[in-house]
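Notes to accompany the following structure.
Reminder, nothing fancy here: chain letters follow the sequence lines and each chain counts from 1.
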Protein chains: 2
Amino acid sequence: MSKASAKTSKSASNAAIVQAALEKLRAAGLRPTKQRIALGALLFDGRDRHVTAEALHDEVRGAGADVSLATVYNTLHQFTEAGLLREVVVNAGASHFDTNVGAHHHLYYADSGELHDVDATDVRIEGLPAVPRGAEIERVDVIVRLRRR
Amino acid sequence: MSKASAKTSKSASNAAIVQAALEKLRAAGLRPTKQRIALGALLFDGRDRHVTAEALHDEVRGAGADVSLATVYNTLHQFTEAGLLREVVVNAGASHFDTNVGAHHHLYYADSGELHDVDATDVRIEGLPAVPRGAEIERVDVIVRLRRR
DNA sequence: CAACAGTTTAGAATTACTCTAATGTACTGC
DNA sequence: GCAGTACATTAGAGTAATTCTAAACTGTTG
């Protein structure tokens, strides 16, 4: 990736990504502010990503946008509420946000903190107890914790 | 439970629990200090329990023992390393420690923070991808997230 | 384009822990 | 038993992640 074109000129594909982010925001009923567009452009570029608030903050500032950490937190939560992101809790330290909002599970390397998606369509879980009366399943998370040998 | 007998006299069953905790500590190669015995007596009373450090700290102090929060943290980690407890990460806020160290999964009520065990012996998970080269499974956690209706 | 609701922000506050370095205590060997 | 020492405990400071606050700013609506 070229870092030739800094904050002033933007590549055509970047413009397309910004446009997509903008539409995503409108569809979610979120005002398309400069900050939300900058974050959306990073998050919704088509790839499946896992970010922490700190990491995304660094990234968006590295990209030339001036977004405060508080806004990164606010935005991550708003995106999550809007169904644009999913919060993944794998370690007590920090929350991860996943741009893959489809049914899937996770592979987690505890030592490096690396997180990988596992499509849920071909995962079957059998023998779980009946859902307790008065409750309903919000979701089932499977986390395969891996150790490097 | 009678709170009649405070810190001085202890009921016979309590003495038995203390004895059991003491033996558990010795078996794990941990020096049976007053604090570890007090915490062990609360944790290893036979029930399956889920505690946070703060909650256990309140509980042990409520029981008349003077244990600092730092010691509660130290002890929870030492017990976990010794295989006497298991750390469960269900929410970004705080770590939970589970006295059930057998193979099992969890039912989690996000609103109340309630955590229940699901025995793993009759749970089958199929269709997970092959374990990546150079890695091995440390454990597989299934968390059924429930919402009250 | 004025007005207001919704947003952003810096910095303080809070929460959940961890660290430090001083004091206390269980286990050895005698 | 008791001294010596290695291990434990502790208060309080420190840190990391996150939330709060209240003031300044900006999309949107009329």
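When the nucleotides C:dT7, D:dC20, D:dC7 are ranked by their closest atom to the side chain of B:R31, D:dC7 comes out on top. Side-chain proximity of A:T71 to the nucleotides C:dA26, C:dT9, D:dT9 is greatest for C:dT9. Residue A:T33 has its side chain nearest to C:dT8 when only C:dT8, D:dT19, D:dT9 are considered. Distance from the side chain of A:R26 is smallest to D:dT28 among D:dT19, D:dT9, D:dT28.
Protein atom CG of A:L69 is 10 Å distant from nucleotide atom P of C:dA10, rounded to whole Å. The CD atom of B:Q35 sits 10 Å away from the P atom of D:dA11 (whole-angstrom rounding). Remark: C1' of D:dA8 and CG of B:D66 are 15 Å apart, rounded to the nearest angstrom. To the nearest angstrom, P of D:dG27 lies 15 Å from CD of A:Q78. In this structure, B:H96 places its NE2 atom 12 Å from C1' of C:dA16, rounding to the nearest Å.
No side-chain N or O of B:H50 forms a donor-acceptor pair with one of B:N100 less than 3.5 Å apart.
Using a 4.0 Å heavy-atom criterion, one finds that B:T52 contacts no nucleic acid atom at all. When heavy atoms are screened at a 4.0 angstrom cut-off, A:H77 is found touching the sugar-phosphate backbone but no base atom.
When side chains are defined from C-beta on, B:H57 does not count as touching B:T71, because their heavy atoms never get closer than 4.5 Å. A:F44 is listed as a side-chain neighbour of A:L85, based on a closest heavy-atom distance under 4.5 Å.
Nearer to the 5' terminus of DNA chain C, by closest-nucleotide assignment, is the contact made by B:A70 (compared with the other of B:A70 and B:K34). Residues A:R36 and B:S95 both approach DNA chain C. Their nearest nucleotides, taken by heavy-atom distance, put A:R36 toward the 5′ side.
For B:R36 (side chain) and B:R31 (main-chain N/O), a donor-acceptor pair under 3.5 Å exists by modelled atom type.
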